[in-house]
Amino acid sequence: MGTGPALARLGWRGRLFGALLLVTGIVTFLSYLNHAAHTPLHALWGAEAFGLIAIGIAGVIAALAPRRLGVALWERILIGLTLPIEIGATLVLSYYPHGTLVGLALLGTALPAAAPRADEDAVAPALHEEAPARRGMP
């Protein structure tokens with residue numbers, strides 16, 4: 001959820017990327033719950049692979065967001081490298097899908113951490129204003 005504001009700046013492409021992240025998280029959870037052959041949703045076992053690939057492709061699409069949206073070039077490049085990050089993390093940690101998810105987690109940490117913040121000078125006065133008194137209260 002922390003990536004939402006960072007990805008929303010990329011328009012519909014970023015929202016697609018974010019939606020795929022959330023859906024793939026749910027599919028991964030269900031996949032793990034249903035790994036045994038006798039479970040009702042056993043067909044989902046391993047289905048997260050398709051979601052992880054889709055996230056990588058959506059990263060390339062999100063990276064092609066128009067420059068006028070004000071997203072820094074390095075952020076677009078980082079999102080565009082989602083699929084290579086997933087592949088690299090899988091190879092380095094040598095265990096699928098845990099390594100892949102670690103790579104996505106690192107990406108998901110870097111994006112909101114580097115996102116622009118509200119201007120502190122504009123926010124600070126609002127924090128110190130007196131709250132209006134409620135009717136009937138002193």
Side-chain angles (χ1 to χ4, degrees):
M1 300 303 278
T3 58
L7 295 174
R9 294 183 309 120
L10 292 164
W12 68 266
R13 295 165 180 91
R15 288 184 183 92
L16 171 67
F17 186 86
L20 285 171
L21 280 172
L22 291 174
V23 169
T24 302
I26 293 166
V27 169
T28 302
F29 176 72
L30 290 174
S31 170
Y32 271 72
L33 283 180
N34 292 283
H35 73 280
H38 67 277
T39 55
L41 297 175
H42 181 67
L44 288 178
W45 176 240
E48 68 273 6
F50 299 108
L52 293 169
I53 292 168
I55 289 170
I57 293 169
V60 172
I61 294 169
L64 299 175
R67 292 176 58 193
R68 64 178 158 68
L69 292 177
V71 179
L73 178 63
W74 73 266
E75 288 180 86
R76 291 192 321 225
I77 290 171
L78 185 61
I79 291 171
L81 291 173
T82 300
L83 191 58
I85 289 170
E86 290 176 327
I87 293 168
T90 304
L91 294 174
V92 168
L93 297 175
S94 69
Y95 188 64
Y96 170 83
H98 299 146
T100 315
L101 296 173
V102 168
L104 273 179
L106 292 174
L107 176 68
T109 304
L111 290 174
R117 303 288 185 255
D119 185 16
E120 289 182 10
D121 295 331
V123 175
L127 294 175
H128 300 292
E129 291 178 6
E130 292 289 326
R134 293 184 178 158
R135 291 183 197 190
M137 298 188 76

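Values reported hereafter were calculated over all heavy atoms of this structure, with side chains retained and with hydrogens, waters and symmetry mates removed.
Note that CG of Leu7 and CD1 of Ile79 are 5.5 Å apart. Values are rounded to the nearest 0.5 Å. Here the CG-CZ distance, from Leu44 to Phe50, works out to 11.0 Å after rounding to the nearest 0.5 Å. The structure places CG of Leu22 at 11.0 Å from CZ of Phe17, a figure rounded to the nearest 0.5 Å. How far CG of Leu20 is from CG of Leu16: 4.5 Å, rounded to the nearest 0.5 Å. Atom CG of residue Leu107 and atom CG of residue Leu21 lie 8.0 Å apart, to the nearest 0.5 angstrom.
Between the His35 side chain and the His42 main chain, no donor and acceptor come within less than 3.5 Å of each other.
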Can you list the steps and then say if Ile55 with Thr82 is a side chain to side chain contact (heavy atoms under 4.5 Å, CB included)? CA-CA 7 Å; Ile55 289 170; Thr82 300; 3.9 Å; yes
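Considering all non-hydrogen atoms of both residues, Pro84 and Leu81 come closest at CD-O, 3.1 Å. The two residues Ala62 and Gly14 come nearest to each other via the heavy atoms CB-N, 4.3 Å. Of all heavy-atom pairs between Leu52 and Glu86, the closest is O-OE1, 2.9 Å.
When the side chains of ILVMFWY residues are joined at heavy-atom separations under 4.5 Å, either directly or via intervening members, Leu104 and Ile77 end up in a single hydrophobic cluster. Leu73 is not connected to Leu64 by any chain of hydrophobic side-chain contacts under 4.5 Å among Ile, Leu, Val, Met, Phe, Trp and Tyr, and they are in different clusters. No continuous path of ILVMFWY side-chain contacts below 4.5 Å connects Leu101 to Leu30, so the two sit in separate hydrophobic clusters.
The other members of the hydrophobic cluster of Leu83, by chain and number, are Ile87, Leu91 (side-chain heavy atoms under 4.5 Å, ILVMFWY only). Side-chain contacts under 4.5 Å among hydrophobic residues (ILVMFWY), followed directly or transitively, place Val23 together with Val27.
Residues forming a side chain to side chain contact (heavy atoms under 4.5 Å, CB included) with Ile61 (at least two apart in sequence, or on another chain): Trp12, Arg13, Ile57. For Ser31, the side chain to side chain donor-acceptor pair (under 3.5 Å) criterion is met by Glu48, not counting sequence neighbours. In this view, Tyr32 and His98 satisfy the ring-ring contact (aromatic ring centres under 6.0 Å, His included) rule, not counting sequence neighbours. Listed by chain and residue number, Thr90 satisfy the side chain to side chain donor-acceptor pair (under 3.5 Å) test with Thr100 (two or more places apart in sequence, or in another chain).
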